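Presented below is the structure to which this report refers.
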Amino acid sequence: MDYKRVEQDLQFLAKTDERYAELKAGVEHMKNMLKSVKGSYVTNSNESVSKASEAFYGSSGYKDVRDRMHNVHKEYFELETQRQTAMLRIDVWRTLEATRRKGNVH
């Protein structure tokens, strides 16, 4: 592991900070959106709350939000994993450098 790779990882983290935050907020937004869509569906239904709630999960509104949630989650988790890998490489490099300074590794 060399300093050049660590520098690339640091640049990657800095470059993806904003997108990561957007995706994380998007995940939370989609969860709230699902609750809102379900609430509207149940409120506008002539069925009991229980029956309307069950029917919601078969509705096109649910399918649409679920599909969008899946896409946002997928992108979020992919970026999160890439960022965690970069952070792990940085931590390993830091540990190796500290060990080298102590003279334990050549």
Side-chain angles (χ1 to χ4, degrees):
M1 175 156 306
D2 62 358
Y3 182 75
K4 185 177 181 177
R5 181 63 213 195
V6 171
E7 192 172 295
Q8 290 171 347
D9 286 334
L10 288 169
Q11 289 174 0
F12 171 75
L13 290 171
K15 185 177 78 173
T16 60
D17 277 344
E18 190 173 327
R19 183 64 184 148
Y20 181 74
E22 288 172 358
L23 288 169
K24 190 169 186 173
V27 165
E28 292 304 312
H29 175 73
M30 295 303 283
K31 288 177 186 177
N32 292 330
M33 180 187 242
L34 184 61
K35 291 175 187 176
S36 178
V37 170
K38 182 179 179 182
S40 288
Y41 187 91
V42 170
T43 301
N44 293 326
S45 174
N46 293 329
E47 299 289 334
S48 69
V49 171
S50 176
K51 284 185 179 182
S53 292
E54 287 299 314
F56 169 72
Y57 292 108
S59 72
S60 61
Y62 172 72
K63 184 183 181 313
D64 179 52
V65 174
R66 185 195 65 205
D67 290 346
R68 289 191 292 166
M69 280 181 77
H70 173 76
N71 292 332
V72 170
H73 272 105
K74 181 179 176 188
E75 188 177 349
Y76 171 72
F77 288 132
E78 285 175 356
L79 184 56
E80 182 178 49
T81 300
Q82 291 169 348
R83 289 174 57 85
Q84 287 174 347
T85 299
M87 287 185 271
L88 181 61
R89 277 194 297 260
I90 292 166
D91 285 344
V92 167
W93 178 81
R94 289 174 61 202
T95 301
L96 288 173
E97 286 299 305
T99 303
R100 283 188 189 115
R101 282 192 299 274
K102 290 180 181 179
N104 296 335
V105 174
H106 302 283

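Computed from heavy atoms alone, side chains included, the values below leave out hydrogens, waters and symmetry copies. Worth saying up front: this structure is predicted, and the values here are computed from it rather than measured. In this chain, residues are counted from 1 in sequence order.
- One finds the OG atom of S36 at 9.0 Å from the NE2 atom of H29 (value rounded to the nearest 0.5 Å).
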ask   = How far apart are the C-alpha atoms of D9 and R5, what are their side-chain angles, what is the distance that settles it, and do they pass the side chain to side chain contact (heavy atoms under 4.5 Å, CB included) test?
value = CA-CA 6 Å; D9 286 334; R5 181 63 213 195; 3.0 Å; yes
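- Listed for the R89 side chain is no donor-acceptor partner under 3.5 Å among the backbone atoms of V6.
- For Y76 and Y20, the ring centers sit closer than 6.0 Å to each other.
- When the shell of 6.0 Å around CD of Q84 is examined, it contains more than 12 heavy atoms from other residues, nucleotides or ligands.
- The main-chain N or O of F77 is found under 3.5 Å from a side-chain atom of T81 such that the two form a donor-acceptor pair.
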request  = Please step through salt bridge (charged side-chain N to carboxylate O under 4.0 Å, His left out) for the pair R19 and E75, ending with a clear verdict.
outcome  = CA-CA 10 Å; R19 183 64 184 148; E75 188 177 349; 2.7 Å; yes
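- The minimum heavy-atom distance between V72 and M30, with the atom names listed, is CG2-CG, 4.3 Å.
- Here NZ of K15 is found 13.0 Å from CG of L10. Values are rounded to the nearest 0.5 Å.
- Among the candidates H73, M33, K63, the single residue satisfying the side-chain contact (heavy atoms from CB on, under 4.5 Å) test with R68 is M33.
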key: Pair R94-D91, salt bridge (charged side-chain N to carboxylate O under 4.0 Å, His left out): steps then yes or no   = CA-CA 5 Å; R94 289 174 61 202; D91 285 344; 3.7 Å; yes
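- Here the straight-line distance linking atom CG of L23 with atom CD of E28 works out to 12.5 Å at 0.5 Å rounding.
- Annotation for Y62 and F56: closest pair CB-O, 3.2 Å, computed over non-hydrogen atoms.
- Atom CD of Q8 is separated from atom CD1 of I90 by 11.0 Å, given to the nearest 0.5 angstrom.
- The same ILVMFWY cluster, assembled from side-chain heavy atoms under 4.5 Å apart, contains both Y3 and M87.
- The backbone N or O of S60 sits nowhere less than 3.5 Å from a side-chain atom of D64 that would complete a donor-acceptor pair.
- Between atom CZ of residue R83 and atom CG of residue D17 there is a gap of 4.5 Å, rounded to the nearest 0.5 Å.
- To the nearest 0.5 Å, the span separating OG1 on T16 from CD on E80 amounts to 11.5 Å.
- A donor-acceptor pair under 3.5 Å is formed between the side chain of S48 and the backbone N or O of K51.
- Side-chain atoms of S45 do not come within 3.5 Å of backbone N or O of V42 as any donor-acceptor pair.
- Nearest heavy-atom pair across A52 and E47 is N-CB, 4.0 Å.
- Distance alone, capped at 3.5 Å, is enough to place a donor-acceptor pair between the T43 side chain and the G39 backbone.
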ask   = Is there a side chain to side chain contact (heavy atoms under 4.5 Å, CB included) between Y57 and R66 once you walk through the steps?
value = CA-CA 10 Å; Y57 292 108; R66 185 195 65 205; over 6 Å; no
